[in-house]
Amino acid sequence: MNLDQKTVIITGGASGIGAAMATRFAAEGARVVVADLDAAAAQATAATFGGLGLPCDVTKEDDIQALVQRTEAEHGPIDLFCSNAGLAVGEPSHAASASNADWSRAWEVHVMAHVYAARAVLPGMIDRGQGYLLQMASAAGLLNQIGDAAYSATKHAAVSFAESLAITHGRDGIKVSVICPQYVATPLLGYSTPDEAGDAPGLLSPEEVAETVLQGVAEERFLILPHPQVAQYLQFKSADHDKWLESMRRLRDKVTGEAGTTDLRRIHRHI
Ligand code: NAD
């Protein structure tokens with residue numbers, strides 16, 4: 001999809017990768033609505049390119065319905081909805097140790113928010129015979145995130161839901177992409193600016209991710225991998241699951257040994 005003159009919503013658009021995508025898509029000529037739990041930050045990000053910033057808690061279906069209605073009233077039918085909001089949960093100790101509230105929150109933000117968005121925009125897109133659902137997941141949704149079982153499980157579910165959308169609605173003219181980055185220098189990893197990341201290995205800036213996403217959307221590619229090596233890791237996993245698990249155990253030993261924690265804000269420097 002060429003984004004010029006297209007109406008686009010980006011959730012979690014006030015910060016990090018969402019803000020970078022909003023800015024990059026607006027530069028392509030899209031009318032971008034930035035939606036976020038943090039209304040003031042959404043407005044501040046949107047103001048940098050003359051867009052609209054709106055409050056939205058993606059875990060509330062009514063908020064998503066209201067966001068879609070307000071956007072359509074301002075800009076007409078939505079061409080692309082990007083479900084990007086997300087959060088890290090973490091594990092206090094063992095793999096099942098995050099609280100029920102944390103597991104539920106991860107499920108609501110990473111999965112149900114995508115369902116609510118699709119429910120809000122799909123009927124109109126199907127009627128028009130076109131539309132784009134751009135879903136943020138993570139490399140953790142294809143592989144795994146050491147130290148965050150709830151994040152990994154819900155990002156896997158996000159990838160699966162994106163596949164269901166693509167299978168069920170490809171013939172309706174609906175395009176679907178799922179974005180699966182590894183580490184990116186954003187507040188989610190504890191960075192308020194990408195410069196703070198210094199020379200951390202394998203870490204991309206949000207702007208680099210936004211550029212890869214723009215290319216993926218232009219090519220209407222399902223799997224968007226800002227870190228291309230993820231494709232090889234995925235092949236390795238599919239070829240021999242047990243070997244892959246042992247390699248992940250060795251990686252876990254290394255990163256937790258060096259960092260002294262499983263906190264992803266620290267271990268990413270040792271991957
Ligand atoms: P970030 O913390 O900079 O941005 C996340 C944004 O989502 C924030 O503005 C936050 O207010 C918003 N948000 C959280 N819960 C919300 C809710 N209920 N309703 C509305 N907005 C909400 O983080 P980021 O790194 O830019 O993350 C963006 C997406 O990218 C997330 O889905 C994350 O899981 C994914 N991702 C990030 C990385 C990484 O290393 N940073 C890697 C892979 C995937």
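Note that the coordinates shown come from a computational prediction; the quantities given were computed from them, not determined experimentally. Basis for what follows: all heavy atoms, side chains included, without hydrogens, waters or symmetry-related copies. Counting starts at 1 for both ligands and their atoms, in listed order.
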Among all protein heavy atoms, pick out the one at the shortest distance from atom 14 (C) of ligand 1; state its residue, atom name and that distance to 0.1 Å. G86 O, 3.8 Å
Atom 2 (O) of ligand 1 [closest protein heavy-atom partner, distance rounded to 0.1 Å]: L188 N, 3.6 Å
Run the side chain to side chain donor-acceptor pair (under 3.5 Å) check on E258 and H270 step by step: do they pass? CA-CA 7 Å; E258 288 174 10; H270 302 274; 3.0 Å; yes
Among all protein heavy atoms in this structure, tell me which lies nearest to atom 28 (C) of ligand 1, with the distance rounded to 0.1 Å. N84 OD1, 3.5 Å
Does any N or O atom in L189 lie less than 3.5 angstrom from one in ligand 1, N or O only? no
List every atom of ligand 1 that sits less than 4.0 Å from any heavy atom of D57, numbering the atoms from 1 in the order shown and giving each element. 17 (C), 18 (N), 19 (N)
Please report which non-hydrogen protein atom sits nearest to atom 1 (P) of ligand 1, along with the residue it belongs to and the distance in Å to one decimal place. S15 OG, 3.6 Å
What protein heavy atom lies closest to atom 7 (O) of ligand 1? Include the residue and the distance to one decimal. G12 CA, 3.4 Å
Between R119 and E61 (salt bridge meaning N to carboxylate O under 4.0 Å), is one present in this structure? yes
Say whether E108 and ligand 1 are in contact under the criterion: heavy-atom distance to a ligand atom below 4.0 Å. no
Would you check whether D38 has a nitrogen or oxygen atom less than 3.5 angstrom from a nitrogen or oxygen atom of ligand 1? no
T7 and side-chain hydrogen bond (donor to acceptor under 3.5 Å, both in side chains): which single residue from E72, R31, H75, E74 fits? R31
What closest approach, in Å, do L234 and L142 show between heavy atoms, and which atom pair accounts for it? CD1-O, 3.8 Å
Report yes if M136 has an N/O atom closer than 3.5 Å to an N/O atom of ligand 1; otherwise report no. no
Looking at ligand 1, does any of its N/O atoms fall within less than 3.5 Å of an N/O of V184? yes
Looking at side-chain heavy atoms only, is the closest gap between H227 and V230 below 4.5 Å? yes
Give a yes/no on ligand 1: does H268 have at least one heavy atom closer than 4.0 angstrom to it? no
M125 and G131: which non-hydrogen atoms are nearest, and at how many Å? SD-CA, 3.6 Å
Between S138 and ligand 1, does any nitrogen or oxygen pair lie at a separation below 3.5 Å? no
Can you figure out which of I17, L37, I179 has its heavy atom closest to atom 26 (O) of ligand 1? I17
Residue A137 vicinity, atoms of ligand 1 by number, heavy atom under 4.0 Å: 35 (C), 44 (C)
So, for Y151 and H110, is the gap between ring centers shorter than 6.0 Å? yes
Does a donor on one side chain sit under 3.5 Å from an acceptor on the other, for T193 and D195? no
Has A35 got any heavy atom lying under 4.0 angstrom from an atom of ligand 1? no
Please state which protein non-hydrogen atom is closest to atom 43 (C) of ligand 1 and give its distance, to 0.1 Å? P181 O, 3.3 Å
Per-atom contacts of ligand 1 with C56, taking only distances under 4.0 Å to non-hydrogen atoms: 19 (N), 20 (C)
Where ligand 1 meets Y183 - atom numbers and elements under 4.0 angstrom, heavy-atom basis: 40 (O)
Distance under 4.0 Å to a non-hydrogen atom of G16: what atoms of ligand 1 satisfy this? 3 (O), 26 (O)
Around atom 12 (C) of ligand 1, find the nearest protein heavy atom and jot down its residue, atom name and distance. D36 OD2, 3.5 Å
Going by the atom numbers of ligand 1, which of them fall below 4.0 Å from some non-hydrogen atom of P187? 3 (O)
Using 30° and 60° as the class limits, which term best fits the ring planes of Y183 and H268: parallel, tilted or perpendicular? tilted
4.5 Å side-chain heavy-atom contact, Y191 and T186: no
V8 versus I78: any side-chain heavy-atom pair under 4.5 Å? no
Between E246 and K243, does any side-chain N to carboxylate O distance fall below 4.0 Å? no
Closest heavy-atom pair, W103 versus A95, reported as atoms and distance to 0.1 Å, is CZ2-O, 4.1 Å
With a 4.0 Å cut-off on heavy atoms, does T11 reach ligand 1? no
Return the minimal non-hydrogen interatomic distance between S15 and P187, and the atom names on each side. OG-CG, 3.4 Å
R105 near ligand 1, heavy-atom distance under 4.0 Å? yes
Note: K60-D62 ion pair, threshold 4.0 Å (strictly below): no
In the protein, which heavy atom is nearest to atom 24 (P) of ligand 1, and how far is it? T186 OG1, 3.5 Å
